[in-house]
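Down below is the structure, laid out as structure tokens.
For the single chain, residues carry numbers from 1 onward in sequence order.
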Amino acid sequence: MGRFRPGLKTRACLASAAVLALAWSAVPAQAATGPVSSTPAAGTPQLANTGATEQVRQLAQCGGTMYAVGSFTSIQRYTTTYARNNAFSFSATSPFKVTAWNPNVNGIVNSIAFSPDCSQAYLGGVFSSVNGTAVKNIAEVSTSTGAVNTAFASSAGGQVSTLLTYGTHLLTGGYFTSINGSSANPYFTSLNTTTGKDDGFLNLNISGNYQFPGVSDNPTRVYNQQLSNGGTLDLVEGDFTSVGGQPRQQIFMLDLAGSKASVTAWTSDEFSQACATVEPFYVQAAAWSPDDSEIYIGTTGYHPYDMPVGATPRTGLCDAAAAFPATQADVSHLWVNYTGCDSLYSAAADASTAYFGGHERWSENPNDCDAQGTGAIAAPGMEGLDPATGNLTFNPTRDRGLGADDMLVTSGGLWIASDNSDGSSSCGGAYGYAGICFLPYSA
């Protein structure tokens, strides 16, 4: 059964196309068409076995360096172990050596974003200290020393779940109702990248939540976002019913090109269909097709709110991968691929494949729930689907664990962030990939 993990699913990054032109590229160009290899690259760092369940929640590349953030205390590469609290970095190419960067964050880091030249990193999560400096849930740190830049305001009144840099704006989403002295834009605020203060670029009046019998803790929140490949549109996921004065549930699209961000006409009535009361808000992640013409979503939700557990075939978007056109209108899905009541937490795409990760057991499973129905295909931990049909075309498999919390396509291949729950470490049939797996494009 799928289970929503508040605040844990965050895959938002990185920098806009306008920013990338200034210096280092934070979003590597996608030159290869895919699919990626089903055999993982050797030598990538992994979560060390500490006896505790630890997790990488986001992977992000800036320049030639890969950054990993999450909830962990120790990293291992081959036989060498490194003490790293919740954030570390390593070379983005083989031999993937771990760097000396060690900001030593004393709590969960959900998301990371960067300055244009990659010299500074913005961290968001649930923490109160970075490298011994008192902060609250958000901080700017040097990517060379790990030291906090105290000129950047660093106090969020609640969990920070997602960060994305766009020009001089740091688009910051989470559970907070005030951040760095401002309560004007709760849940999703644009901060000046130099001062950390609300710069007014976002003024969305996000409000509302889902009210169903049996749901007792269901607050308004923002927990994920994805910048388009064109660099001017931003998808945002969370729990809300109104954005920018328009009805929007679970996901909306922003146009970032103007002097202020504005809500676009893209939406779907399907996002208002409720799932089971334990997780009625279910759109966890999204990805853009390389040409930005389609949007792929991964969901939790278990089963539709008004549909008995055993009823089949499935309908709606609960526990499924789905594709929608990115047309600026009220749209309908192009296809839906059901997992059979297991959650998906991450999505990514290249020209050949739409990739999804979670703790799913099956693909193409509309005919059963928590069991392999007629026609279902075993696809534990991740799946690669045909962007045109939604059918399973790439099936490397990985240990399910808690679920793949992040996927990132770069010019080199597909990065997958996960965890070590119950000893999970396999990816593509190989072991030794707890928390991080890289499936490269063929040379």
Exercise answer: donor-acceptor pairs, residues 199-207 side-chain atoms, under 3.5 Å, sequence neighbours excluded:
residue : atom : partner : partner atom : Å
Asp199  : OD1  : Ser190  : OG           : 2.7
Asp199  : OD1  : Phe201  : N            : 3.0
Asp199  : OD2  : His169  : ND1          : 2.7
Asp199  : OD2  : Ser190  : OG           : 3.2

Looking just at side-chain N and O atoms, do Gln58 and Ser111 make a donor-acceptor pair shorter than 3.5 Å? yes

What residues form a side-chain hydrogen bond (donor to acceptor under 3.5 Å, both in side chains) with Asn85, not counting sequence neighbours? Asn104

Does Ile108 form a side chain to side chain contact (heavy atoms under 4.5 Å, CB included) with Gln159? I'd like the steps, not just the answer. CA-CA 10 Å; Ile108 301 165; Gln159 176 171 228; 5.6 Å; no

Start with the C-alpha distance between Tyr433 and Gln46, add both sets of side-chain angles, then the distance that settles side chain to side chain contact (heavy atoms under 4.5 Å, CB included), and finish with yes or no. CA-CA 6 Å; Tyr433 296 92; Gln46 62 175 301; 5.9 Å; no

Is the shortest side-chain heavy-atom distance between Thr33 and Asp350 below 4.5 Å? no

Residue pair Ala404 / Ser418: nearest heavy atoms and the distance that separates them: CA-CB, 4.1 Å

How long is the gap from CG on Asp319 to OG1 on Thr339, to the nearest 0.5 Å? 4.5 Å

Under the ring pair (Phe, Tyr, Trp, His ring centres under 6.0 Å) test, residues paired with Phe240 that sit two or more places apart: Phe252

Check side-chain contact (heavy atoms from CB on, under 4.5 Å) between Asn86 and all other residues, then give those that pass, not counting sequence neighbours. Ser71, Val105, Val109

Could you tell me if the side chain of Leu414 sits less than 4.5 Å from the side chain of Met382, heavy atoms only? yes

Would you check, one step at a time, whether the test side chain to side chain contact (heavy atoms under 4.5 Å, CB included) holds for Val222 with Val236? CA-CA 7 Å; Val222 166; Val236 184; 3.6 Å; yes

Quick one: does Cys275's side chain get under 4.5 Å of Thr300's, heavy atoms only? no

May I ask you to check whether Asp419 and Gln55 show a side-chain donor-acceptor distance below 3.5 Å? no

So, does Asn106 use its side chain to make a donor-acceptor pair with the main chain of Ser129 at under 3.5 Å? yes

How would you list, by chain and number, every residue that makes a side-chain contact (heavy atoms from CB on, under 4.5 Å) with Ser178, sequence neighbours excluded? Ser183

Within-4.5 Å side-chain heavy-atom neighbours: Phe188 and Thr172: no

Checking Ala322 now: which residues fulfil side-chain contact (heavy atoms from CB on, under 4.5 Å) with it, not counting sequence neighbours? Ile297, Leu317, Phe324, Val336

Tyr67: which residues meet the side-chain hydrogen bond (donor to acceptor under 3.5 Å, both in side chains) condition with it, sequence neighbours left out? none

Tyr166 OH to Leu227 CG distance, which is reported to the nearest 0.5 Å: 8.0 Å

For the CD atom of Glu360 and the CZ atom of Arg400, what is their distance to the nearest 0.5 Å? 8.0 Å

Modelled atom types, side-chain donor and acceptor of Asn180 and Asp198, under 3.5 Å: no

If you measure only the distance, is there a donor-acceptor pair under 3.5 Å linking the side chains of Glu294 and Tyr296? yes

Grab the two heavy atoms, one from Val283 and one from Thr299, that are nearest each other, plus how far apart they are. CA-CG2, 4.2 Å

With side chain to side chain contact (heavy atoms under 4.5 Å, CB included) as the criterion, how do Ile436 and Leu59 come out once you've worked through the C-alpha distance, each side chain's angles and the decisive distance to 0.1 Å? CA-CA 9 Å; Ile436 297 176; Leu59 290 164; 4.1 Å; yes

Does either side chain, that of Thr162 or that of Asn110, offer a donor lying less than 3.5 Å from an acceptor on the other one? no

Contacts of Trp335 that satisfy ring pair (Phe, Tyr, Trp, His ring centres under 6.0 Å) - sequence neighbours left out: none

Contact check, side chains of Leu47 and Ile75, non-hydrogen atoms, under 4.5 Å: yes

Leu164 to Gln226 - nearest heavy-atom pair and separation: CD1-C, 4.5 Å

Could you check whether any side-chain N or O of Arg84 sits under 3.5 Å from a backbone N or O of Pro103, counting only pairs where one atom can act as donor and the other as acceptor? no

Does Asp342 come within less than 4.0 Å of Arg361, counting only side-chain N to carboxylate O? yes

Which distance, rounded to the nearest 0.5 Å, do you find between the OG1 of Thr50 and the CG of Asn420? 6.5 Å

Do Asp239 and Gln250 have side chains that approach each other closer than 4.5 Å (heavy atoms only, starting at C-beta)? no

Residues at least two apart in sequence or cross-chain that pass ring pair (Phe, Tyr, Trp, His ring centres under 6.0 Å) with Phe90, listed by chain then number, are Phe88, Trp415

Locate the shortest heavy-atom distance separating Ser411 from Tyr441; write the atom from each residue and the value. O-CD1, 3.5 Å

Expected output: side-chain Gln61 to main-chain Gly63 donor-acceptor under 3.5 Å: yes

On a heavy-atom basis, which atom in Ser424 and which in Ala434 lie closest, and how many Å separate them? O-CB, 3.4 Å

Between Cys318 and Cys341, is the SG gap short of 2.5 Å? no

Sequence neighbours excluded, which residues qualify as side-chain hydrogen bond (donor to acceptor under 3.5 Å, both in side chains) partners of Ser74? none

Within the structure provided, determine whether Leu256 and Leu171 are in side-chain contact (heavy-atom separation under 4.5 Å). yes

Within the structure provided, determine whether Ser343 and His359 are in side-chain contact (heavy-atom separation under 4.5 Å). yes

Quick one: does any side-chain atom of Ser426 pair with a main-chain N or O of Asp399 as donor and acceptor, under 3.5 Å? yes

Does the Ser268 side chain pair with the main chain of Glu270, one donor and one acceptor, at a distance under 3.5 Å? yes

Under a 3.5 Å threshold, yes or no: a donor from one side chain and an acceptor from the other, between Glu54 and Thr73? yes

Give me the atom names and distance for the closest heavy-atom approach of Ala139 to Val130. CB-CG2, 4.2 Å

Inter-residue atom distance Leu439.CG - Ser38.OG, 0.5 Å rounding: 7.5 Å

Give a yes or no on whether the backbone of Asn209 and the side-chain of Arg221 come within a donor-acceptor separation of less than 3.5 Å. no

Any donor-acceptor N or O pair under 3.5 Å, side chains Ser293, Asp291: yes

Taking side-chain contact (heavy atoms from CB on, under 4.5 Å) as the test, write out the residues that go with Ala265, two or more places apart. Gln328

Check: Asn224 side chain, Glu237 main-chain N or O, donor-acceptor pair, under 3.5 Å: no

Inter-residue atom distance Gln120.CD - Phe152.CZ, 0.5 Å rounding: 10.0 Å

List the residues meeting ring pair (Phe, Tyr, Trp, His ring centres under 6.0 Å) with Tyr355, not counting sequence neighbours, and say none if there are none. Phe394

